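Structure record follows, encoded as structure tokens.
Values in this document were obtained by computation on a predicted structure and should not be read as measured data.
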Amino acid sequence: MKMEVCRATSISWANSISPPHHFPQTSTVWKFQRMTTFCVRSSQKQGDEMIVSVTGATGFIGKRLVQRLHADNHRVRVLTRSKSKALSIFPVREFPGLIIAEEAEWRNCIQGSTAVVNLAGLPISTRWSPDIKKEIKESRIKATSKVVDLINGSQNERRPKVLISATAVGYYGTSETRVFDEQSPSGNDYLAEVCREWEASALRVDKDVRLALIRIGVVLGKEGGALAKMIPLFMMFAGGPLGTGKQWFSWIHVDDLVNLIYEALSNPSYKGVINGTAPNPVRLSEMCDQLGSALGRPSWLPVPDIALKAVLGEGACVVLEGQKVLPKRAKELSFSFKYPYIKDALRSIMS
């Protein structure tokens, strides 16, 4: 049987120094011991096990995806710029066998992987400045280009067969009246430009690699994303709508997004552009009404535009200017949404 060998760096425990703060304190002492491991993979699949390399694994979506893959006994390779940060999020005791690799080791991890999931990029739900806007674009394009170059540079027998690459519904621009699906043209604002260049970087991948571009909406979850920034303002202003409230809010629960990416890894029908949004987008006023209900608070005093801009700067356009995006392709693929309605999604998050 033909065997493939890949080299990567992993982390193990050894007795010596005090544990990180997130572990229970005991009389046992530990240290990190760096070692080089050799991962041997047969060219013949063993069951349905996947070897998945993930960029952006320490982010809001990436953490949940890694947890899901690891729980299902797939082999995960976390591609990061900060090994210490990755270790704090994925402690060795809880994630045995997880490989964490800084950029110099990405090539060894990508080669021999079944698939690569590219989620890297500076979060957009932050206060924008000229420098931040530049980094928002460059962080996405550089990471995607690096991943694609490493995939394309792999020997055929060791090249990943699948690339799942994130992009965003910002591709379509904003509108209060138009409805967008995967066939809609791109917009002409800053985020549309970012998304076009981001996607163009991914489209350079070898033609034999199945590529799925997930255009992601506003991701809702407990641990981060836009919702975490919106709730304090919402509470301060008695739960009213953000801005006019008429703008569209194309959202998705983080669990549904992780499930969509997970399905795309193994289902060969998932290719091309797929909108990562729930099937029932809402006006922002309705989202705020439902959030108020989930929080047990009234929803009457609007959050003024100036308050959002004070927190998010130009980045407030992500909330103040929206678009109605439908997941036409996911429906065609019979993807099952656990949270198709905003009411149920928010209640699960706030409970």
For Asn259, which residues count as a side-chain hydrogen bond (donor to acceptor under 3.5 Å, both in side chains) partner, sequence neighbours excluded?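 By the side-chain hydrogen bond (donor to acceptor under 3.5 Å, both in side chains) rule, Asn259 matches Arg68.
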
[Y] backbone acceptor or donor facing [X] side chain under 3.5 Å:
| X | Y | value |
| --- | --- | --- |
| Arg210 | Ala264 | yes |
| Glu193 | Leu191 | no |
| Thr114 | Ile51 | yes |
| Ser186 | Tyr171 | yes |
| Arg347 | Ala294 | no |
| Arg75 | Ser113 | no |
| His70 | Pro96 | yes |
| Arg196 | Gly187 | yes |
| Trp251 | Asn280 | yes |
| Glu102 | Lys83 | yes |

Provide the closest heavy-atom pair for [X] versus [Y] in the form atom of the first, atom of the second, distance.
| X | Y | result |
| --- | --- | --- |
| Ala143 | Ala120 | CB-CB, 3.6 Å |
| Pro340 | Pro279 | CB-CG, 3.8 Å |
| Ala86 | Thr58 | CA-CG2, 3.8 Å |
| Ala202 | Leu163 | O-CD2, 4.4 Å |
| Gly221 | Leu227 | O-CD2, 4.2 Å |
| Ile252 | Ala278 | CB-N, 3.9 Å |

Counting only heavy atoms not in Asn188, do more than 12 fall under 6.0 Å of its CG?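 No - once you tally the heavy atoms of other residues, nucleotides and ligands closer than 6.0 Å, there are 12 at most.
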
Tell me whether Arg81 at atom CZ has more than 12 heavy atoms from other residues, nucleotides or ligands lying less than 6.0 Å away.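 No, not enclosed.
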
Atom [atom1] of [X] and atom [atom2] of [Y]: how far apart are they, to the nearest 0.5 Å?
| X | Y | atom1 | atom2 | result |
| --- | --- | --- | --- | --- |
| Lys222 | Ser348 | NZ | OG | 7.0 Å |
| Arg140 | Trp198 | CZ | CH2 | 4.5 Å |
| Leu150 | Glu103 | CG | CD | 9.5 Å |
| Ile100 | Phe90 | CD1 | CZ | 7.5 Å |
| Lys133 | Ile124 | NZ | CD1 | 12.0 Å |
| Ile342 | Met287 | CD1 | CE | 6.5 Å |

Would Ser82 and Ser84 count as a side-chain hydrogen bond (donor to acceptor under 3.5 Å, both in side chains) here? Give the steps. CA-CA 5 Å; Ser82 173; Ser84 59; 3.3 Å; yes

Please determine which of [options] meets the side chain to side chain contact (heavy atoms under 4.5 Å, CB included) test together with [X].
| X | options | result |
| --- | --- | --- |
| Leu220 | Val254, Leu257, Leu346 | Leu346 |
| Met50 | Asp72, Val76, Leu69 | Leu69 |
| Glu176 | Gln323, Glu321, Arg283, Lys324 | Arg283 |
| Asn275 | Leu260, Thr167, Val325 | Val325 |
| Ile261 | Ile274, Asp256, Ile164 | Ile164 |

Between [X] and [Y], is there a shared hydrophobic cluster once you connect ILVMFWY residues whose side-chain heavy atoms come closer than 4.5 Å?
| X | Y | answer |
| --- | --- | --- |
| Ile141 | Leu122 | no |
| Val209 | Leu211 | yes |
| Val148 | Val116 | yes |
| Ile99 | Ile151 | no |
| Tyr262 | Val117 | yes |

Given Ser201 and Thr144, is the side-chain hydrogen bond (donor to acceptor under 3.5 Å, both in side chains) satisfied, shown in steps? CA-CA 6 Å; Ser201 299; Thr144 303; 5.7 Å; no

Side-chain touch [X]/[Y], heavy atoms, less than 4.5 angstrom:
| X | Y | answer |
| --- | --- | --- |
| Asn156 | Asp206 | no |
| Ile110 | Leu79 | yes |
| Arg204 | Asp149 | yes |
| Leu203 | Leu213 | yes |
| Ile216 | Ile61 | yes |
| Leu65 | Val52 | no |
| Trp106 | Ser53 | no |
| Ser154 | Arg107 | no |

Start with the C-alpha gap between Tyr172 and Arg215, add the side-chain angles, then the distance that decides, and say whether side-chain hydrogen bond (donor to acceptor under 3.5 Å, both in side chains) holds. CA-CA 10 Å; Tyr172 302 112; Arg215 288 183 185 151; 2.9 Å; yes

Hey, what's the ring geometry for Trp128 with Tyr190, parallel, tilted or perpendicular (30° and 60° as the breaks)?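 Because their plane-to-plane angle is over 60°, the rings of Trp128 and Tyr190 count as perpendicular.
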
Fit a plane to each ring of Tyr270 and Phe335, take the angle between them on a 0 to 90° scale, and name the class: parallel (under 30°), tilted (30 to 60°) or perpendicular (over 60°).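 The arrangement is perpendicular - the two ring planes meet at more than 60°.
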
Steps toward side chain to side chain contact (heavy atoms under 4.5 Å, CB included) verdict (Leu326, Thr277): CA-CA 7 Å; Leu326 300 178; Thr277 60; 5.8 Å; no

Determine, step by step, whether Arg329 and Asp181 satisfy the salt bridge (charged side-chain N to carboxylate O under 4.0 Å, His left out) criterion, reporting the C-alpha distance in whole Å, the side-chain angles of both residues, the deciding distance to 0.1 Å, and the verdict. CA-CA 8 Å; Arg329 187 71 186 116; Asp181 63 27; over 6 Å; no

Looking at Glu223 and Lys63, is there a salt bridge between them, counting it only when a charged N and a carboxylate O are closer than 4.0 Å? no

Salt bridge check, Asp344 against Lys338: does any charged N sit closer than 4.0 Å to a carboxylate O? no

Pair Glu49, Asn73 - check side chain to side chain contact (heavy atoms under 4.5 Å, CB included), show working. CA-CA 7 Å; Glu49 181 191 65; Asn73 296 315; over 6 Å; no

